[in-house]
Amino acid sequence: KFLTEINHWLVNPIHQYGVMIAPQLWYGNQYPIWSSLEKGQAWVAPSAGSPPAARALLAMLGEGECFCREFSAKEIRDIIDRYCKAAKLALQAGFDFIEIHGCHGHNLPHQFFSPLDNRRGDAYGGTLENRMRFGIELARAVRLAIGNYPLFWRLSAEEGLSGGFTLQESIQYAAALVEAGVDVIDVTYGHEGINETAPSRAYGWAPEGWEPLGTFVPFAEAIKRRVSVPVVGVGRIHTSEVAEAVLSEGKCDLDALGRQLLADPEWVEKVRDSRWDDIRPCIGCNRCIDHFSEGKPIRCAVNAALGREEEFEISKAKDSKTVYIIGGGPAGMEAARIAALR
């Protein structure tokens, strides 16, 4: 019944527009409860200790330190099996492909690859080869589970933290994942919540307005030179000029847009129809992420209707009239815009 409802309410409506859809499979082992932490709940990690992602979450929630216990080898096998079951269920629900979320520090594939999180002494830790082992075994298992369906893998090119993995290590990891059966490498950057090169309150993995457009594309370009599969670029690809240049110059094979589609959900349609001046640009303020991280409904500084599209539906007025707007600040300009649309 659950799979049928997902297909009815999510997958089929999207397919009607000729669009493909996939879930990101994410194992948030250091987020046992997002909005409130229950005392005594077990926190787990590749190695025992207080890992960066958990510390960042606790700091955001105003909590103290945490201590994670180490995964056993049996738990590792069980988790890989659960990934495979989730992937097969997603395909049964009608999704078109699968993406493994393996980046930004807050999930298991990233943590096993990271020397900051992974200090194990067995076959899953220590050397680069051992730190790649969990991800490679996971990729092989999911590939067998889903057959010929496309398999994407989202990978941080660097962690942006002292002692974290490097771009050269990520390049080797990406090549190994491709050999294990991954069809597309989706390249991002950084570690959630903390980043030593970013200003206070900044999200290293979600570049803010002062960062250059296409800021993470060079990482994807470096990985693309070493793998034989399509590579996705991301990081403030907010204009059609940047999106086209990334592809035409051969830096990446696919563009990924996130926050820009929150600012303007019709971005793709407007680019297709050359309606450049109609695009509402994302300004990289990260208000969307701030609200979500605080457990509030998602909001956008430049799109007041985000998440409330039905409530704020703009329809033609029954009787047209002349409207005078007094004042040209943000409120006045928005009032003029809405009045013109109506």
Side-chain angles (χ1 to χ4, degrees), residues 2-3 22-34 40-54 57 66-93 95 97-156 159 165 169-170 172-186 192:
F2 178 63
L3 296 179
Q24 278 188 334
L25 300 187
W26 176 76
Y27 194 93
N29 55 296
Q30 290 172 15
Y31 294 148
I33 292 183
W34 175 254
Q41 180 122 9
W43 293 58
V44 288
S47 300
S50 180
L57 174 65
C66 78
F67 187 85
C68 295
R69 67 168 178 81
E70 183 173 292
F71 279 111
S72 69
K74 181 182 182 303
E75 286 176 318
I76 291 172
R77 293 190 295 272
D78 289 343
I79 289 166
I80 290 176
D81 184 56
R82 292 182 187 186
Y83 267 102
C84 294
K85 290 177 180 177
K88 288 190 286 189
L89 288 172
L91 297 181
Q92 289 176 32
F95 288 98
F97 60 98
I98 302 295
E99 177 161 88
I100 301 295
H101 195 303
C103 54
H104 301 156
H106 51 45
N107 59 78
L108 211 52
H110 180 119
Q111 293 159 17
F112 266 99
F113 183 52
S114 170
L116 296 174
D117 276 309
N118 187 349
R119 302 171 302 279
R120 301 174 69 96
D122 62 6
Y124 289 96
T127 65
L128 174 60
E129 180 182 3
N130 285 354
R131 285 189 283 115
M132 294 193 302
R133 191 179 307 279
F134 175 84
I136 293 170
E137 289 184 358
L138 175 59
R140 286 174 179 162
V142 173
R143 165 53 63 211
L144 287 173
I146 66 175
N148 293 326
Y149 280 88
L151 175 60
F152 287 47
W153 192 288
R154 195 147 205 242
L155 172 71
S156 285
E159 286 192 275
F165 56 74
E169 289 179 316
S170 293
Q172 295 183 58
Y173 190 27
L177 290 170
V178 170
E179 189 175 343
V182 172
D183 297 302
V184 176
I185 301 293
D186 185 354
E192 184 182 63

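Only this structure's heavy atoms are used, side chains among them; waters, hydrogens and symmetry mates stay out.
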Give the minimum heavy-atom separation between [X] and [Y], together with the two atoms involved.
{"X": "A141", "Y": "I80", "value": "CB-CG2, 3.5 Å"}
{"X": "Y124", "Y": "E137", "value": "OH-OE1, 2.7 Å"}
{"X": "R154", "Y": "C103", "value": "CG-SG, 3.5 Å"}
{"X": "H101", "Y": "N107", "value": "O-OD1, 2.9 Å"}
{"X": "D183", "Y": "Y149", "value": "OD2-O, 3.8 Å"}

Kindly say whether [Y] contributes a backbone atom to a donor-acceptor pair with the side chain of [X] at under 3.5 angstrom?
{"X": "S156", "Y": "E159", "answer": "no"}
{"X": "E70", "Y": "V44", "answer": "no"}
{"X": "R120", "Y": "N130", "answer": "no"}
{"X": "R143", "Y": "A180", "answer": "no"}

**Item:** Euclidean distance, F152 CZ relative to L25 CG, rounded to 0.5 Å
**Value:**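 Answer rounded to 0.5 Å: 13.0 Å.
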Rounded to the nearest 0.5 Å, the CG atom of L177 sits from the CD1 atom of I100 at a distance of 10.0 Å
Would you say that more than 12 heavy atoms from the other residues, nucleotides or ligands in this model lie under 6.0 Å from the [atom1] of [X], or not?
{"X": "R119", "atom1": "CZ", "result": "yes"}
{"X": "E179", "atom1": "CD", "result": "no"}
{"X": "E75", "atom1": "CD", "result": "yes"}
{"X": "F97", "atom1": "CZ", "result": "yes"}

Taking the side chain as every heavy atom from C-beta outward, state whether [X] and [Y] have any atom pair closer than 4.5 Å.
{"X": "I98", "Y": "P150", "result": "no"}
{"X": "R77", "Y": "D81", "result": "no"}
{"X": "I79", "Y": "F71", "result": "yes"}
{"X": "R133", "Y": "I136", "result": "no"}
{"X": "H106", "Y": "W26", "result": "yes"}
{"X": "V142", "Y": "C84", "result": "yes"}

Going through the checks in order, is the side-chain contact (heavy atoms from CB on, under 4.5 Å) test met by Y173 and I185?
CA-CA 10 Å; Y173 190 27; I185 301 293; over 6 Å; no
Which of N118, L116, D117 passes side chain to side chain contact (heavy atoms under 4.5 Å, CB included) with Q111? It is D117
F134 meets the ring pair (Phe, Tyr, Trp, His ring centres under 6.0 Å) criterion, sequence neighbours left out, with F112
message: Please verify the inter-ring angle class for F165 with F113; under 30° counts as parallel, over 60° as perpendicular, anything in between as tilted.
response: tilted
Do the side chains of D78 and R82 get close enough for a salt bridge, i.e. N-O under 4.0 angstrom? no
